[in-house]
Amino acid sequence: MANYDFKAIENKWNSYWEKHKTFATDVWDFSKPKYYSLSMFPYPSGAGLHVGHPVGYVATDAAARFKRMCGFNVLYPMGYDAFGLPTEQYAIKTGNNPLDFTQMNIDNFRRQLKMIGLSVDWDREISTCDPHYYKWTQWIFEKLYEAGYVKNQDMSVNWCEELGTVLANDEVIDGKSERGGYPVVKKFMKQWVIDIPSFAQKLLDGLDGLDWPESTIITEQNWIGRSEGAIIKFEVKDSKETFEVFTTRADTLFGATYCALAPEHPIINKITTKTQKSEVEAYQKLCASKTDIERTDTSKEKTGVFTGAYAINPANKKLLPIYIADYVLSTYGKGALMAVPAHDERDYAFAKKYKLDIIEVIKSKQGVSKQAYTGDGEHINSDFLNGLNNEQAQKTMFEWLEKQKLGEKTVNYRLRDWIFARQHYWGEPVPVIHMEDGSMKLVPEKDLPVVLPAMKDYQPKNGKSPLENATEWVNVEIDGMKGKRETNTMPSSAGSCWYFLRYIDPHNDKCFADKKLLDHWMPVDLYVGGTEHNTGHVLYARMWNRFLYDKGYLSHPEPFKRFRHNGLMMASDGRKMSKRWGNVVNPDDVVAQHGADVFRLYEMFMGPINATRYWNDKDIVGLERFLEKIWTIYHSEKLQKSDDKSLEKIYNQTVKKVTADYEELSYNTAISTMMIFMNSVQEAKVFPEGFARGFLQLLNPLAPYITEELWNTVFNEKESIAYVSWPTFDEEKCAENEIKLPVQVNGKLKGVVNIKLDATQIEALDALKNQLPVLSELEIKKVIYVPNKILNIIV
RNA sequence: GCCGAAGUGGCGGAAUUGGCAGACGCAAGGGACUUAAAAUCCCUCGAGAGCAAUCUCGUAUCGGUUCGAGUCCGAUCUUCGGCACCA
């Protein structure tokens, strides 16, 4: 018997698969049912893969291999989310070129992904930084622009003067820049944004009927944040000005005692009285110097300033002082609110601090002398709402407002505009030209892609993209008019919004992908990735998909039919694997030492794929022993052409259980079931060839190399095992004809009787009499018998 | 504060619908083989009591429903993840 030389076996099959294009997909073959298995593509960092990444990859690979054997035409692609800030920062630091650096990283990732035996169709590999790819990213951007979903607007951003750039919220800590610790302030700047709130309801509705984790659906729902309420119009006393507020508690309008505006509200300078002017302006300035993070710190006391102006409560004409307060967000609702201190905790705290009235309009046991009451109850002090509960009062108020034309019922969403530009080099250029006459033009489709120019200096300057310095690239002429290219680039989430569509038809240069192919292959049947992308990438990708669907380019509104998460990989010290702690395990080392099959099995055996896992080098040996055992048995005299039936039952049970586990991605239990089977084979005298072949197939999706090798060398099969029909099982042969039935007395386990399957209660009591006579002699009051499960006698 | 997930041996984890808790693997202990070691194979392995057959306790804590609860219900504690003044 030859030794189990995993290295030689891996080399042999890697070149076999490559040479025979074993995993190439003929996407035009519609004769078989399709299956599209997909992992979120990696960001090709300089650090390479760590052992956390392959959890999701092996899971989708095993699903792809399983479905191929089940007769599906499987699409299983891979690519790289290659644009992004870390690469650019590396380039600035080292003087390297981001493109070269990215290419190098991609080569390393590809090597590692091939090393672990993924059955990827490598001819479909894509990279978001490839102009052939981002041509179509730009093209979709233009379609969004033409449809009015892209805006170039002034908005408030985090601005760091020292770094000369805009920062994302998570790059700002305690009002200072994460890098350098420089002060960061709010600043109004022109920004590209995508109007994702227009899709809020569609994205919410689209969640229905998806096979996704319930918690993920809830996370997306909360993120979109639908709330039903009313917009109410307020007039300002002694002024022509009006403003609107959004409220979910229109029923409490009679309890409103002041109004509060966000410090950025446009009406403020028009209504502020002379005496309050300096105070108001000082406050606005103070707020502008704060970051979102400071402003939204709920632990700080609320602050605000009186404008001197009064609003008129449309319900009872009472005068309400108008404050500006930083607890009012300019980005939510109308950037203004009617305050009802008696029934809102935030308004209550503010009213107490500034000694404003608190009017109770809902009856409660505890009253409102100590804190706000936010529950349901009978309305009081509310004119035509008196006596009604919250829901009735709300409904009545909606009707009244609409009748009086003072407001209307509405739906508001928390989802905000998606800022779609960065002042950086390493991203897709925004395909827009600013013309001399002040107009903006899209780059004509025939001139796409707008390719990133080669540069030497990638440092952003004065909040402008480094592309400003590429003067030859920037200055263009269209139809005789001069213009300048937009120098902001797209965020790194752009390329990942539609990559799953491009995989289907990656070399198409006429359109982003052929419609017939898209209709056949979408949606993705299985999508696996981390939970951290639920409110970012996944939501954005769903929006782009939905947009393309609305415009008729796609026939499926939702891209990901079934979605599962891979859990975090922790180091054995209980900390997250990270360079910082020096506890990162490199798959290269594990594969070199134990082989790719052992690595794959260990990754899957650690626990359910969505669970947090704790890497433990010691545990790997169990999987190594498992494969060694298989190798030995397949080369032993046990293996024979034989019609021996002794393993028939457990074989059928194993096929049944493993098949079900693969369907559920429950790979940890699939592996333990296969271990139990091999333990039985080890005990048995013979291992009939039919079962031996079937077992190799069961194991193949998780351990492709050893199974291909044994299939080839032990059974002399010339073709790969990859497409051999999945083994079947006989339900009748799975069933035990005799079972051990637990016997309880008063609910406590007292023993077990042997009994035939599906025995009647009489037979069960008979068996009890024969096998456990002591128990049957008890004075039986009642018998609970669940066939094949339990016999419980009450005495 | 709000939302979500989870809590089972020394460890990772099983238990498909409420029906023998701890499958499978690791670690540990004992034995066989060996001059010896490694590898391999066999046995033991939740806690307590008992010479023993056996008995009692046991799935974060407390209570409930049920013939029967790791599983269902109510309260509490802890850990992790996400959001954070959303009117």
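In what follows, every chain begins at residue 1, and chains take the letters A, B, ... in the order their sequences are listed.
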Heavy atoms under 4.0 Å, any strand shown: does [X] hit a base, just sugar-phosphate, or nothing?
X	result
A:T612	sugar-phosphate
A:E664	nothing
A:N668	sugar-phosphate
A:P608	sugar-phosphate
A:T673	nothing
A:A349	nothing
A:V245	nothing

Tell me whether the OP1 or OP2 atom of [N] has a side-chain N or O from [X] closer than 4.0 Å.
X	N	value
A:Y332	B:A87	yes
A:Q744	B:C67	no
A:N610	B:A6	no
A:K748	B:A69	no

| request: Among A:D211, A:N610, A:T216, find the one that has a side-chain hydrogen bond (donor to acceptor under 3.5 Å, both in side chains) with A:R564. | output: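 Of A:D211, A:N610, A:T216, side-chain hydrogen bond (donor to acceptor under 3.5 Å, both in side chains) with A:R564 is met by A:D211 alone.
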Heavy atoms from C-beta onward define the side chain here; which of [options] lies closest to that of [X]?
X	options	answer
A:I218	B:G25, B:C3, B:G13	B:C3
A:K629	B:C24, B:G19, B:C41	B:C41
A:T248	B:C3, B:A87, B:G25	B:A87
A:R625	B:A87, B:G68, B:C26	B:C26
A:R414	B:G19, B:C83, B:A87	B:C83

| Judged by modelled atom types alone, do A:D347 and A:Y327 share a side-chain donor-acceptor pair under 3.5 Å? |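 There is such a pair (donor and acceptor under 3.5 Å, judged by atom type) between the side chains of A:D347 and A:Y327.
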| message | Less than 3.5 Å apart, any donor N or O on the side chain of A:K334 or A:N412 sitting next to an acceptor on the other? | response |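 The criterion, which ignores hydrogens and geometry beyond distance, is not satisfied for A:N412 and A:K334.
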| For B:G7, what is the paired nucleotide under Watson-Crick or G-U wobble rules, both distances under 3.5 Å? |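 The base-pairing partner of B:G7, which may sit in any strand shown, is B:C77.
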| message | I want to check something: taking the side chain as every heavy atom from C-beta on, are A:I324 and A:T307 in contact at a cut-off of under 4.5 Å? | response |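 A side-chain contact under 4.5 Å exists here.
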